[in-house]
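Each remark here refers to the structure printed beneath this line.
None of the values given here were measured: they were computed from a predicted structure.
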Amino acid sequence: MFVRGLATILHADLDAFYASVEQRDDPRLRDRPVIVGGGVVLAASYQAKAYGVRTAMNGRQARALCPAAVVVPPRMAAYSQASRAVFTIFRDVTPEVEGLSIDEAFLEVGGLARIAGVPREIAARLRARVADEAGLPITVGIARTKFLAKVASGVAKPDGLLVVEPGREREFLHPLPVERLWGVGTVTADKLHELGVRTVADVAALGEPALVSRLGPAAGRHLHALAHLRDPRPVDTRRTRRSIGSQRALGRRPRTDEELDAVLAGTVDRLARRLRAPKDGERGPTGGRVCRTVVLRLRFGDYARVTRSHTLPVPTAHTPTILAAARRLLVAATPEIRDRGITLLGLSLTNLDRDDALQLELPLDAHAGPALDTALDEVRRRFGAGSVARATQLGRDQGLEAPLLPEHE
């Protein structure tokens, strides 16, 4: 059932990350309800969450729930800097770090017993260092599996520490609501509730065939395994990003085809530039990534969401190639957008690989496009992201570019 005998996996998760950075940097915001973002809530402090404010909530709704909230604009550069500082602490504690996002990671500390003590002591010192050196609250869950460690940190929030002792995993997990299971969102939870399933114990009792019949093979088997405490995955320090994405909230007013195309083109430019960006400060044409699949994400006026995808014949980081695929997806969705309206447009590039893994193909024409992309990327690195842009982007709000978890090898 388990691949280890001791609870040595830590899940470290910064609390209300964006809002905590704002409260750290502005003493006037401390102990006050804080909302990051105006039109859409990007983050909310725990004081705001107490009023029902949640991430991704409409800003007007959030302010109605919490009129006393202080709304601040996001500062992505500050969040990236704070993330780097925290991950430096993680990797100083143990080399076995698997980053999940800019504000959370798994740490394996099983080999540190003789030099650093038991996992609870290591976690306590980690929390103290993050508070002292980065000025941020962090919650840590400890367990024998990654899944249980993540659940433990969720239960212990905010600013807590919880160990799921070996032999007491079932006692800890089974009374929890099904929403605590990794991968259970609103849609899956509703399907389970229709079956009378409310707790993890109910999921375990339902049996795998019933779960597969209701949720499909992958989701059904996944939830059945988690409910029965099966999660053999080790902390993976070689884990690399398999997709990158960006999305833009559009409000509720009608958008023309030209406006949507401009938003899409700007999004593609940013994502393709991220693809080609060398890791760890490297320079040169290699060190970046290529993508194989382009995924368009839409939210209609009724807030229903859909995705459309296109897989390219050859992996690429060539901006025009990616943009052409994205435009085909958007054109195909245009009739539905006109009927239902649109409130969000997003794009993801998936099936990523290293760009030096590509097979070279004839004709090897330097003027075919990639050389131009590389030159433009270098200009933007030296003079700023807005130094070169498409004519359609002039005078337009480009939206926010969310900070990413840095690749570490």
### Query
Is there side-chain contact between Ser45 and Gln23, with heavy atoms separated by less than 4.5 Å?
yes
### Summary
So the salt bridge (Lys or Arg N to Asp or Glu O under 4.0 Å) pairs with at least one residue in residues 291-306 (sequence neighbours excluded) are Asp302-Arg340
### Task
Could you tell me whether the side chain of Tyr79 reaches within less than 4.5 Å of the side chain of Val36, counting heavy atoms only?
yes
### Query
Yes or no on side chain to side chain contact (heavy atoms under 4.5 Å, CB included) for Leu260 and Leu250, after CA distance, side-chain angles and deciding distance?
CA-CA 9 Å; Leu260 294 179; Leu250 301 174; 3.8 Å; yes
### Query
Using 4.0 Å as the upper bound for N to carboxylate O, is an ion pair formed by Asp231 and Arg144?
no
### Message
More than 12 heavy atoms of other residues, nucleotides or ligands under 6.0 Å from CZ of Arg125: yes or no?
### Response
yes
### Query
Does a side chain donor of either Arg230 or Thr145 reach within less than 3.5 Å of an acceptor in the other side chain?
no
### Task
Please tell me if the side chains of Glu22 and Arg75 come closer than 4.5 Å, counting only heavy atoms from C-beta onward.
yes
### Query
Does Asn58 have any side chain to side chain donor-acceptor pair (under 3.5 Å) partners at least two apart in sequence or in another chain, and if so, which?
none
### Message
Testing Leu344, Thr343, Val306, Asp339 one by one against Phe300 for a side chain to side chain contact (heavy atoms under 4.5 Å, CB included), which residue passes?
### Response
Val306
### Message
Within the 4.5 Å heavy-atom criterion, are His193 and Val197 side-chain neighbours or not?
### Response
no
#### Entry: Side chains of Ser309 and Thr293, donor plus acceptor under 3.5 Å
no
### Message
A side-chain contact here means heavy atoms from C-beta on lying under 4.5 Å apart; do Asp159 and Ile138 qualify?
### Response
no
### Task
Drop me the distance from Phe17's CZ to Ser101's OG, to the nearest 0.5 angstrom.
9.0 Å
## Note on the structure
Glu208 meets the side chain to side chain contact (heavy atoms under 4.5 Å, CB included) criterion, sequence neighbours left out, with Val212, Arg221, His224
### With Phe106, the side chain to side chain contact (heavy atoms under 4.5 Å, CB included) member among Asp236, Leu100, Thr237, Leu10
Leu100
### Residues which pass side chain to side chain contact (heavy atoms under 4.5 Å, CB included) with Ala124, listed by chain and number, not counting sequence neighbours
Leu161
### Query
Atom NE2 of His222 and atom CG of Leu211: how far apart are they, to the nearest 0.5 Å?
11.0 Å
### Task
Run the salt-bridge test on Glu259 and Arg253 with the 4.0 Å N-O cut-off and return the result as yes or no.
yes
### Task
Compare all side-chain heavy atoms of Val155 with those of Phe172 and state whether any distance is below 4.5 angstrom.
yes
### Side chains of Glu96 and Thr94, donor plus acceptor under 3.5 Å
no
### Message
Using side-chain heavy atoms (C-beta onward) and a distance below 4.5 Å, is Ile322 in contact with Leu271?
### Response
no
### Message
Within this structure, what is the OG-CD distance for the pair Ser153 and Glu104, rounded to the nearest 0.5 Å?
### Response
7.5 Å
### Query
For Pro254, which residues count as a side chain to side chain contact (heavy atoms under 4.5 Å, CB included) partner, sequence neighbours excluded?
none
### Atom pair CG/CG of Leu192 and Leu215 - distance to nearest 0.5 Å
5.0 Å
### Side chain to side chain, Met76 and Tyr18, heavy atoms closer than 4.5 Å
yes
### Query
Less than 4.0 Å between a side-chain N and a carboxylate O, is that true for Glu171 and Arg168?
yes
### Message
Between Arg327 and Asp261 (salt bridge meaning N to carboxylate O under 4.0 Å), is one present in this structure?
### Response
yes
### Summary
Value for CZ (Arg233) from NZ (Lys146), rounded to nearest 0.5 Å, stands at 5.0 Å
### Query
Quick one: is the NZ or CZ of Lys150 closer than 6.0 Å to the six-membered ring centre of Phe147, and within 45° of its axis?
no
### Message
Is it true that, when you exclude Glu336 itself, more than 12 heavy atoms of the residues, nucleotides or ligands shown sit nearer than 6.0 Å to its CD?
### Response
yes
### Query
Applying salt bridge (Lys or Arg N to Asp or Glu O under 4.0 Å), which residue pairs with at least one partner in residues 5-14 are found, sequence neighbours left out?
Asp13-Lys157
